[in-house]
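It should be emphasised that the depicted structure is a prediction, and the values quoted were computed from it without experimental measurement.
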Amino acid sequence: MTINGVETVILEDGVTYELVEVNSQGYKVTYYTKDPSGGDPVEGNTYTADYENGGKISFAVTNQDTLDFEANKKVEGTGLLTPNKTYAFELKDLSSSGKPVVAYGKVTIKEKGKNQAIEFFTTSDYSVANKITDWAKILHEGKNYQLVETDTQNYQPIYSGGTGDKNNEFQVVYNDTSKKITLNTENQNTFDFSAKKKVVGDGVFEGEIFKFQLLDSKNQVVAHGKAEVTAKDVDVPIVFYQDLDDESTKITDWTDILTEGETYQLKEVDDSGYAVTYKDQDGTETNQFNVQFNTGKSMSIQVENRRGKVPLPETGGEGLTRQLTVASAFLILLILIGGIIEYRRKAGA
C-alpha cells in the first residue's frame with residue numbers, strides 16, 4: 001500500500017491482528033469473520049496475515065443493547081436460622097396493565113450476614129433452561145419494574161438500592177454503565193405480640209386507665225403497658241412502652257425488646273379490687289408466652305377484669321392484713337363495751 005508516495009506494509013505476514021471497537025457506547029459488541037473453507041460466519045475478531053495463500057478478510061461487527069441488573073439477598077437478626085431455606089421473588093412490570101410478572105427469582109440462604117445473588121428465570125418452575133443471562137431481552141427500556149419477595153419465611157423484608165416507597169423499584173436504561181441497577185433485600189426477625197384489656201361485670205364502671213408490666217423469667221420488667229378503658233365489654237388494645245412516661249419509647253418492634261427462647265409474663269400492676277383473668281390466643285388461661293422468632297404465629301393475651309355490684313374484697317397480701325386489722329379492732333371494741341357494761345352493773349349493785 002502506498003501512503004504519501006511511500007510503499008507501506010500494513011499487515012505483516014504471519015502476524016495476528018485484532019479488531020477492537022474503541023468506544024462501544026455501552027453496547028455489547030460481537031465480532032464475526034468468515035470461515036475460509038466454507039464462508040460461514042465465525043465469531044471472532046482476530047486475523048493472521050498470510051501472504052502465501054492470500055485471500056480476502058472481512059469482519060462483521062454488531063452492537064447489542066446491554067442492561068446491568070442484579071439483586072442480592074441477606075438474612076440478619078438474632079433469631080435462629082434454619083440453613084438452606086429458599087426465598088422466592090417476582091419481578092413485576094409496573095408500566096403494564098395488571099403489573100405482570102416478567103421474571104421469577106430464588107435464592108437459598110446457608111448463613112446469616114452474607115449477601116447472596118438471586119437467580120432469575122422466565123418461568124415459575126425455575127427451569128435451568130430458562131435462566132436469565134441477558135436482561136436486555138427481558139426488560140424494556142423506559143419501563144418501570146418492581147422486585148417483590150413472595151416467600152419471606154416469616155421474616156420482614158427490607159429493600160435498598162431502588163426507588164419507590166419500599167426502595168424496590170427501578171427504571172430501565174440501556175447501554176449506560178453508570179446506570180447499573182443493584183437491589184438488595186435484607187430479612188429481619190419478626191415476632192407478633194399484642195394484648196387487649198376488657199372490663200366486664202354488673203358493677204358500676206365510669207372509665208379507668210389500667211397499667212401493666214411485662215416481666216422476663218427473672219421478674220425483670222422489660223416493658224410497661226397501659227390501656228384507657230372508657231366502657232365495659234369493649235376490647236381495648238394495651239399500648240407498650242419502654243418508659244411509660246415517654247411517648248417516644250413506644251414499642252413497635254418486639255424483636256428489639258424480647259429474647260428468643262425466653263418466657264415472659266404480663267401482669268396488671270393494680271387490679272383495683274377486680275377479679276383478673278388472662279387468656280392467650282388459644283383461649284388457654286395463662287399470662288405467659290414463650291418467644292420464638294419468625295414462626296408466623298401471632299401471640300396475644302386477653303386481660304379481663306370482672307367486678308360485681310359490690311366490689312370484690314382484696315385477698316392475700318395487704319388486702320388480707322387490712323381485713324384482719326378491721327376484724328381485730330371490732331372485737332376489741334366489743335370487749336371494751338362489754339367490760340364497761342359489766343363494771344356499771346356491779347357498781348350499781
Side-chain angles (χ1 to χ4, degrees), residues 154 156 165 189-259 262-327:
N154 299 311
Q156 173 64 41
D165 293 338
N189 291 327
T190 60
F191 183 73
D192 188 2
F193 170 70
S194 62
K196 294 181 179 180
K197 173 73 176 181
K198 182 166 68 173
V199 175
V200 299
D202 300 324
V204 176
F205 180 73
E206 297 179 348
E208 188 174 343
I209 296 177
F210 297 88
K211 296 181 179 181
F212 305 84
Q213 291 178 343
L214 192 63
L215 303 107
D216 62 17
S217 58
K218 298 178 182 179
N219 281 327
Q220 299 297 311
V221 178
V222 298
H224 303 268
K226 68 177 179 180
E228 187 172 354
V229 183
T230 58
K232 290 192 295 182
D233 302 314
V234 177
D235 283 326
V236 177
I238 300 172
V239 183
F240 290 92
Y241 304 83
Q242 290 179 276
D243 183 349
L244 204 57
D245 297 322
D246 187 351
E247 288 286 334
S248 67
T249 65
K250 182 179 177 180
I251 297 172
T252 56
D253 185 353
W254 281 108
T255 62
D256 291 336
I257 307 298
L258 308 181
T259 302
E262 177 69 280
T263 298
Y264 296 87
Q265 63 171 321
L266 181 64
K267 182 179 180 182
E268 190 168 328
V269 176
D270 184 3
D271 59 29
S272 302
Y274 289 89
V276 184
T277 57
Y278 304 85
K279 290 183 179 179
D280 65 14
Q281 69 282 347
D282 299 321
T284 303
E285 193 164 322
T286 180
N287 67 335
Q288 297 185 348
F289 62 92
N290 182 263
V291 173
Q292 295 296 328
F293 291 159
N294 313 314
T295 63
K297 183 177 181 180
S298 297
M299 307 295 291
S300 64
I301 292 181
Q302 172 79 50
V303 185
E304 185 174 285
N305 283 23
R306 179 176 293 275
R307 173 180 282 175
K309 292 183 178 180
V310 178
L312 297 173
E314 293 182 282
T315 58
E318 295 181 0
L320 179 60
T321 302
R322 281 199 294 270
Q323 292 182 39
L324 292 174
T325 301
V326 172

Taking [atom1] in [X] as the centre, count heavy atoms belonging to other residues, nucleotides or ligands within less than 6.0 Å. Is the count above 12?
X	atom1	result
Asp233	CG	yes
Lys198	NZ	yes
Glu228	CD	no

| query | Is a donor on one side and an acceptor on the other found under 3.5 Å between the side chain of Asp216 and the backbone of Lys218? | reply | yes
What is the minimum heavy-atom distance between [X] and [Y], and which atoms define it?
X	Y	answer
Asp246	Thr249	O-OG1, 2.7 Å
Ser298	Gln281	O-CG, 3.6 Å
Tyr278	Leu266	CE2-O, 3.5 Å
Gln288	Ile301	N-CD1, 4.3 Å
Lys232	Val200	CD-C, 4.5 Å
Leu258	Phe293	O-CZ, 3.6 Å

If you define the side chain from C-beta out and look only at heavy atoms, does anything of [X] sit under 4.5 Å from [Y]?
X	Y	value
Phe240	Phe193	yes
Leu214	Ile257	no
Thr295	Asn154	no
Asp280	Phe289	no
Val291	Trp254	no
Val239	Tyr241	yes
Leu244	Lys226	yes
His224	Asp245	no

Calculate, to the nearest 0.5 Å, the distance between atoms [atom1] and [atom2] belonging to [X] and [Y] respectively.
X	Y	atom1	atom2	answer
Ile238	Lys196	CD1	NZ	10.5 Å
Gln213	Gln220	CD	CD	10.5 Å
Asn294	Phe191	CG	CZ	10.5 Å
Thr277	Glu304	OG1	CD	4.5 Å

| said: Could you check whether Asn287 and Glu268, counting side-chain N and O atoms only, form a donor-acceptor pair closer than 3.5 Å? | reply: no
| query | Do Asn305 and Lys197 get their side chains close enough for a donor-acceptor pair, meaning under 3.5 Å? | reply | yes
| said: Using side chain to side chain contact (heavy atoms under 4.5 Å, CB included), reason through Val303 and Phe210 one step at a time and then give a plain yes or no. | reply: CA-CA 10 Å; Val303 185; Phe210 297 88; over 6 Å; no
| field | Stepwise side chain to side chain contact (heavy atoms under 4.5 Å, CB included) test for Ile251 and Gln242 | value | CA-CA 7 Å; Ile251 297 172; Gln242 290 179 276; 4.2 Å; yes
| task | May I ask you to decide if the ring planes of Tyr274 and Phe205 are parallel, tilted or perpendicular, using 30° and 60° as cut-offs? | result | perpendicular
